[in-house]
Amino acid sequence: MSQLHISIAETLIDIEKELRDLRLWEAEMISESALASVQPFAVDTMTFPQWLQFIFLPKMYMLIEQQAPLPSSCSVSPMAEHYFSVMRLPTVALLDHLKNIDALLSQQ
């Protein structure tokens, strides 16, 4: 496994931990119809934390496990900053991890 895959895997674990710590992690799976969204970040069927949990994290974990090619760029942090800007939650660490993912994928 490449160092990039390892760094991204570690950051994904950090993102999951922050979502759990912020109590934004859901215990139950989201509906199949919500997962079928074709909109960016599935904005029509789920919240941004749900998108991270049910779409982004699983897809990235799968790519890493299969040692598949990773996206050549990523811009998740701007959406996260926008989404969390109106919430009174301590999201600095979560945002930092998402910025790190963007940077890692954009540097390859």
Side-chain angles (χ1 to χ4, degrees):
M1 187 175 294
S2 75
Q3 183 57 46
L4 177 61
H5 282 81
I6 292 167
S7 296
I8 289 175
E10 291 170 346
T11 306
L12 294 174
I13 291 166
D14 292 337
I15 291 168
E16 182 174 334
K17 179 194 177 301
E18 288 301 319
L19 288 170
R20 289 178 186 276
D21 289 351
L22 293 167
R23 300 193 187 327
L24 297 172
W25 193 264
E26 298 195 10
E28 294 187 28
M29 185 63 177
I30 200 160
S31 72
E32 288 295 321
S33 61
L35 289 171
S37 173
V38 295
Q39 295 295 312
F41 303 104
V43 296
D44 59 333
T45 60
M46 60 185 83
T47 66
F48 183 72
Q50 288 173 325
W51 178 82
L52 287 171
Q53 179 180 349
F54 297 114
I55 295 180
F56 182 74
L57 290 173
K59 181 176 182 175
M60 293 302 296
Y61 281 132
M62 181 194 68
L63 292 174
I64 289 168
E65 286 175 14
Q66 295 176 355
Q67 296 187 34
L70 298 168
S72 60
S73 67
C74 186
S75 296
V76 175
S77 61
M79 179 62 176
E81 289 172 341
H82 174 74
Y83 180 85
F84 291 114
S85 68
V86 297
M87 301 179 87
R88 294 186 180 261
L89 290 173
T91 58
V92 172
L94 176 60
L95 293 172
D96 286 346
H97 297 312
L98 291 169
K99 287 176 189 173
N100 189 38
I101 287 285
D102 287 352
L104 287 168
L105 290 173
S106 298
Q107 289 176 5
Q108 6 169 12

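- Taking F56 as the reference, W51 meet the ring pair (Phe, Tyr, Trp, His ring centres under 6.0 Å) condition, with sequence neighbours excluded.
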> Could you walk me through whether I13 and Y61 pass the side-chain contact (heavy atoms from CB on, under 4.5 Å) check?
Replying inline: CA-CA 9 Å; I13 291 166; Y61 281 132; 3.8 Å; yes

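- Using a 4.5 Å heavy-atom threshold, the side chains of I15 and M60 count as separate.
- Atom CD in Q107 sits 12.5 Å away from atom SG in C74 (nearest 0.5 Å).
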> Should L24 and L89 be marked as a side-chain contact (heavy atoms from CB on, under 4.5 Å) after you check the CA-CA gap, both sets of side-chain angles, and the distance that decides it?
Replying inline: CA-CA 10 Å; L24 297 172; L89 290 173; 4.1 Å; yes

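- For K17, the side chain to side chain donor-acceptor pair (under 3.5 Å) criterion is met by D21, not counting sequence neighbours.
- In this structure, M46 and Q53 have side chains that are not in contact, with every pair of non-hydrogen atoms separated by 4.5 Å or more.
- The side-chain heavy atoms of L35 and E32, taken from C-beta on, include a pair separated by under 4.5 Å.
- At distances below 3.5 Å, not a single donor-acceptor pair connects side-chain atoms of Q50 with backbone N or O atoms of I30.
- Listed for the S37 side chain is no donor-acceptor partner under 3.5 Å among the backbone atoms of A34.
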> Can you list the steps and then say if E10 with I6 is a side-chain contact (heavy atoms from CB on, under 4.5 Å)?
Replying inline: CA-CA 6 Å; E10 291 170 346; I6 292 167; 3.7 Å; yes

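- Here the side chain of T91 pairs no donor or acceptor atom with the backbone of L94 at under 3.5 angstrom.
- Shortest non-hydrogen contact noted between S73 and S106 is CA-OG, 3.8 Å.
- Remark: Q67 engages no residue in a side chain to side chain donor-acceptor pair (under 3.5 Å) (not counting sequence neighbours).
- Interatomic distance, OG of S2 versus CD1 of I8, reported as 7.5 Å (0.5 Å rounding).
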> Does the pair F48 and H82 meet the rule for a side-chain contact (heavy atoms from CB on, under 4.5 Å), with working shown?
Replying inline: CA-CA 10 Å; F48 183 72; H82 174 74; over 6 Å; no

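- Remark: side-chain polar atoms of D102 are paired, donor with acceptor, to backbone N or O of S77 under 3.5 angstrom.
- Contact check for S7 versus Q3: side-chain heavy atoms found under the 4.5 Å cut-off.
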